[in-house]
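Here is the structure we will look at, set down as C-alpha cells.
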Amino acid sequence: MQVSYSELKQEFKRVLLARGVEEGTAEACATMFADTTESGVYSHGVNRFPRFIQQLEKGDIDPTAKPTKVLSLGAIEQWDAHQAIGNLTAKEMMDRAMALADQHGIGVVALKNANHWMRGGGYGWQAAENGYIGICWTNSIAVMPPWGAKECRIGTNPLIIAIPSNPITMVDMSCSMYSYGMLEVNRLAGRQTFVDAGFDDDGNLTKDPGTVEKNRRLLPMGYWKGSGLSIVLDMIATLLSNGLSVAEVTEEKDDEYCVSQVFIAIEVDRLIDGKTKDEKLQRIMDYVKTAERADPNIEVRLPGHEFTTILADNRANGIPVDDTVWAKLKSL
Ligand SMILES: NC(=O)C1=CN([C@@H]2O[C@H](COP(=O)(O)OP(=O)(O)OC[C@H]3O[C@@H](n4cnc5c(N)ncnc54)[C@H](OP(=O)(O)O)[C@@H]3O)[C@@H](O)[C@H]2O)C=CC1
Ligand SMILES: O=C(O)C(=O)C(=O)[C@H](O)[C@@H](O)CO
C-alpha cells in the first residue's frame, strides 16, 4: 500500500503521544521516522518503529533524557546520551560536530549511553547537505559471528561516509553483507537476497533472509574484511566515548541500549576552493559512471545518488509501506 507523508507522521506521533512522550519531542521524533521512510530507507523507518516503541515501553529509551557534554578537548568532545531517543540525539551530535568543525576545521563528537539511531545515513547526509564531509558510526549488540566463528560476538556497526558532491555521495553500510533491516525487507517482499547473506543450519552460505534472521549467522561484508572493520570501529567508538563496547553491551545489558557512537564533520571549504572542489568531484563521479557496463541495461551508479529520485517519487505517488507493517503500526 501507499501512504502519504502526513498520514505516516501522524501515526508515529499518535503512538508516541499515547506513551506520554512530550509534544515537541514526539513531533521531532515522528518527523525523523517519517523523513527516513520517505527517503526510501523503509528498514529503519516505518519497519523498525514497533521495535523502537517496544524499547520505549520497556524503559531502555528515556524520552525525557537530554544529552550532556562530559569532556571537551577542543576539536574532540565526549557526550553522554543518558539513553535519550537515538535519532534525536544523533542529529544533535552531528550538529555539534559541524559547530566544532567551524572552529577547528574538524569536529569529533563521541557519545556514550546512546540508543539505536535508526538510519545512520541521515546524519552523514545532514553534514553533507551543509557542505561538510560527514563520517559517523555506531556499535551495537553482538549480532554477527566474527569471521571463522559460529557465535555472535561482533556488531553490525554501520559506517557512514558522506561527501558534499552534487548530488551527495554517501556510503551507509552495515559491516554485515546485509543488515537485519534489509533481510526483513527482502523477506517481506518474498525475495531471496541478491548475494549470500549468511549461513544456513548446515553451515552453508544461503540467500534465504528468514534462515539468516533465525540463525543469527550473518555474513560479514567482504568476509574477513567486514569482520575486522566491525571490530576496529567498535574499539574506536568505545575508546573515544569512554562508553560500552559490543562485548559490554552484550554481556552487561539485557537488550541493545547504551551503545557508543562517533560523529565527525570536516570543513572542506577551508582546504580547497569551491570551484576546484566541484570540478574534482565531478571528474571522479563521471569517471566512475562511464565505466563500461557489465550489463548494458544496468547503469553504474554511485552510493547515495538514488535518494533524490526516490524522495521525489514517494512525494508524488505516496510512500510504499508493507501491509503487515502498516497493520502493526495501526495496532500500537
Ligand atoms: N545498529 C545500527 O544502527 C544499524 C543501522 N543500520 C542501517 O540500516 C540501513 C541499511 O544498511 P545496509 O543494509 O548495510 O545498506 P545496503 O546494503 O542497502 O547499502 C549499503 C551501501 O551500498 C550502496 N549500494 C547498494 N547497492 C549499490 C549499487 N548497486 N551501486 C552502488 N552502491 C550501492 C548503498 O547505496 P544506496 O543507499 O544508494 O543504495 C549504501 O551506501 C542503513 O541506514 C544503516 O545505517 C544497519 C545496521 C545496523
Ligand atoms: O541490522 C540491523 O538492521 C540493525 O539495525 C541493528 O541494529 C543490528 O544489526 C541489530 O541490533 C538488529 O537486531
Side-chain angles (χ1 to χ4, degrees), residues 32-33 35-37 39-45 47-52 54-55 60 86-87 89-90 111 114-126 128 134-145 152 154-163 165 167-187 193-195 197-198 209 212-214 216-222 226 229-230 233-234 237 246 249-250 253 255-262 285 288-289 291 293-295 298-311:
M32 287 192 72
F33 268 101
D35 287 352
T36 293
T37 315
S39 299
V41 189
Y42 313 109
S43 57
H44 291 74
N47 292 11
R48 194 55 70 90
F49 189 72
R51 162 75 173 139
F52 167 78
Q54 182 200 10
Q55 285 202 281
D60 297 348
N87 57 3
T89 312
L111 181 70
N115 264 308
H116 198 303
W117 63 8
M118 303 296 142
R119 178 200 179 199
Y123 319 109
W125 197 268
Q126 177 188 341
I135 305 174
C136 50
W137 67 94
T138 181
N139 66 9
S140 72
I141 201 164
V143 281
M144 175 163 70
C152 292
I154 62 176
T156 42
N157 303 358
L159 171 67
I160 294 89
I161 303 178
I163 311 296
S165 51
I168 288 170
T169 305
M170 179 175 75
V171 167
D172 174 12
M173 56 179 203
S174 164
C175 286
S176 52
M177 202 52 235
Y178 285 85
S179 60
Y180 282 100
M182 287 307 288
L183 288 178
E184 182 187 36
V185 165
N186 280 289
R187 175 174 43 78
T193 57
F194 180 58
V195 296
V212 181
E213 285 172 301
K214 172 179 76 66
R216 312 295 276 177
R217 281 189 70 183
L218 277 179
L219 181 64
M221 166 195 74
L229 183 63
S230 162
L233 290 176
D234 179 38
V246 169
V249 171
T250 310
K253 303 290 173 193
D255 202 346
E256 185 173 49
Y257 56 94
C258 289
V259 296
S260 304
Q261 300 172 342
V262 178
M285 295 189 287
V288 172
K289 283 198 293 194
R293 296 178 185 185
D295 177 338
I298 302 179
E299 224 183 316
V300 177
R301 71 174 182 90
L302 276 82
H305 284 203
E306 285 188 340
F307 283 121
T308 320
T309 319
I310 295 170
L311 190 62

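All ligand and atom numbering here is 1-based and tracks the order in the structure.
By the 3.5 Å distance cut-off applied to N or O atoms, D172 is counted among the residues near ligand 1. For the pair S140 and ligand 2, the shortest N or O to N or O distance does not fall below 3.5 Å. Residue V41 places no N or O, backbone or side chain, under 3.5 Å from any N or O of ligand 1. At a 3.5 angstrom cut-off on N or O pairs, T138 does not count as close to ligand 1. The N/O atoms of R301, backbone and side chain alike, include one that comes under 3.5 Å of an N/O atom in ligand 1. Checked against a 3.5 angstrom limit, the closest N/O atoms of I141 and ligand 2 fall outside it. Any N or O atom pair closer than 3.5 Å counts here, and W117 shares at least one such pair with ligand 1. Between G120 and ligand 1, at least one N/O pair is under 3.5 Å apart.
Taking each of V185, N139, T156 in turn, the one with a heavy atom nearest to atom 9 (O) of ligand 2 proves to be T156. Of the candidates G86, S179, G40, it is S179 that places a heavy atom closest to atom 13 (O) of ligand 1. Nearest-heavy-atom check against atom 8 (O) of ligand 1 across M177, M118, H44 picks out H44.
Every atom of ligand 1 is numbered from 1 in the order shown, and the set under 4.0 Å from a heavy atom of V171 is 41 (O). Contact atoms of ligand 1 toward F307: 37 (O) (distance under 4.0 Å to a heavy atom of the residue). Applying the 4.0 Å criterion to heavy atoms of G304 picks out, from ligand 1, the atoms 35 (O), 36 (P), 38 (O). Close contacts between ligand 2 and H44 involve ligand atoms 2 (C), 3 (O), 4 (C), 5 (O) [criterion: under 4.0 Å to a heavy atom]. Within ligand 1, the atoms closer than 4.0 Å to a non-hydrogen atom of M170 are 41 (O), numbered from 1 in the order shown.
Under a 3.5 Å cut-off, the side chain of Y178 and the backbone N or O of N186 do not form any donor-acceptor pair. In this structure a side-chain-to-backbone donor-acceptor pair under 3.5 Å is missing from Q126 to G134. Proximity of a side-chain donor or acceptor of W137 to a complementary backbone N or O of L233 within less than 3.5 Å is detected. The backbone N or O of G155 lies less than 3.5 Å from a partner atom in the side chain of S230, making a donor-acceptor pair. With hydrogens and angles ignored, the 3.5 Å screen pairs no side-chain donor or acceptor of D234 with any backbone N or O of N139. Not one N or O on the side chain of E299 forms a donor-acceptor pair closer than 3.5 Å with the backbone of R293. Judged purely by atom type and a 3.5 angstrom limit, Q55 has no side-chain atom pairing as donor or acceptor with the backbone of D60.
Using a 4.0 Å cut-off between heavy atoms, R216 contacts ligand 2 through its side chain alone, with no backbone atom that close. In M182, neither the side chain nor the backbone holds a heavy atom less than 4.0 Å from any atom of ligand 2.
Scanning all protein heavy atoms for the shortest distance to atom 7 (O) of ligand 2 gives H116 NE2, 2.7 Å. H116 NE2, 3.4 Å is the protein heavy atom nearest to atom 1 (N) of ligand 1. Annotation: atom 11 (O) of ligand 2 to nearest protein heavy atom, E256 OE1, 2.6 Å. Nearest non-hydrogen protein atom to atom 12 (C) of ligand 2 is Y180 CD1, 3.8 Å. For atom 10 (C) of ligand 2, the nearest non-hydrogen atom of the protein is V143 CG1, 3.8 Å. Shortest contact from atom 34 (C) of ligand 1 to any protein heavy atom: P303 CB, 4.4 Å. At the top of the distance list for atom 4 (C) of ligand 1, counting protein heavy atoms only, stands P158 CG, 3.3 Å. If you check which protein heavy atom lies closest to atom 48 (C) of ligand 1, you get T156 OG1, 3.3 Å. The nearest heavy-atom contact from the protein to atom 14 (O) of ligand 1 is S174 N, 2.8 Å.
For the residue pair D172 and R119, the shortest heavy atom distance occurs at OD2-CG, 4.0 Å. Residues M285 and L302 share a closest heavy-atom pair of CG-CD2, 3.8 Å. Here the closest non-hydrogen pair linking T156 and S176 is CG2-OG, 3.6 Å. Residues C136 and G120 share a closest heavy-atom pair of SG-O, 4.0 Å. In this structure, R216 and E213 approach most closely via the heavy-atom pair CD-O, 3.3 Å. Between M118 and H44, the closest heavy-atom pair is CB-O, 3.5 Å.
The closest approach between any non-hydrogen atom of R51 and ligand 2 is not below 4.0 Å.
Distance remark: protein heavy atom not present below 4.0 angstrom from atom 22 (O) of ligand 1. Inside a 4.0 Å radius of atom 16 (P) of ligand 1 there is not any protein heavy atom.
Put simply, the side chain of H116 reaches to within 4.5 Å of the side chain of R48, judged on heavy atoms. Within the 4.5 Å cutoff, side-chain heavy atoms of M173 are placed close to those of L229.
Between W125 and F307, the ring planes are perpendicular. Angles over 60° get that label, and only those under 30° would be called parallel. Using cut-offs of 30° and 60° on the angle between ring planes, the pair F33 and F49 is perpendicular.
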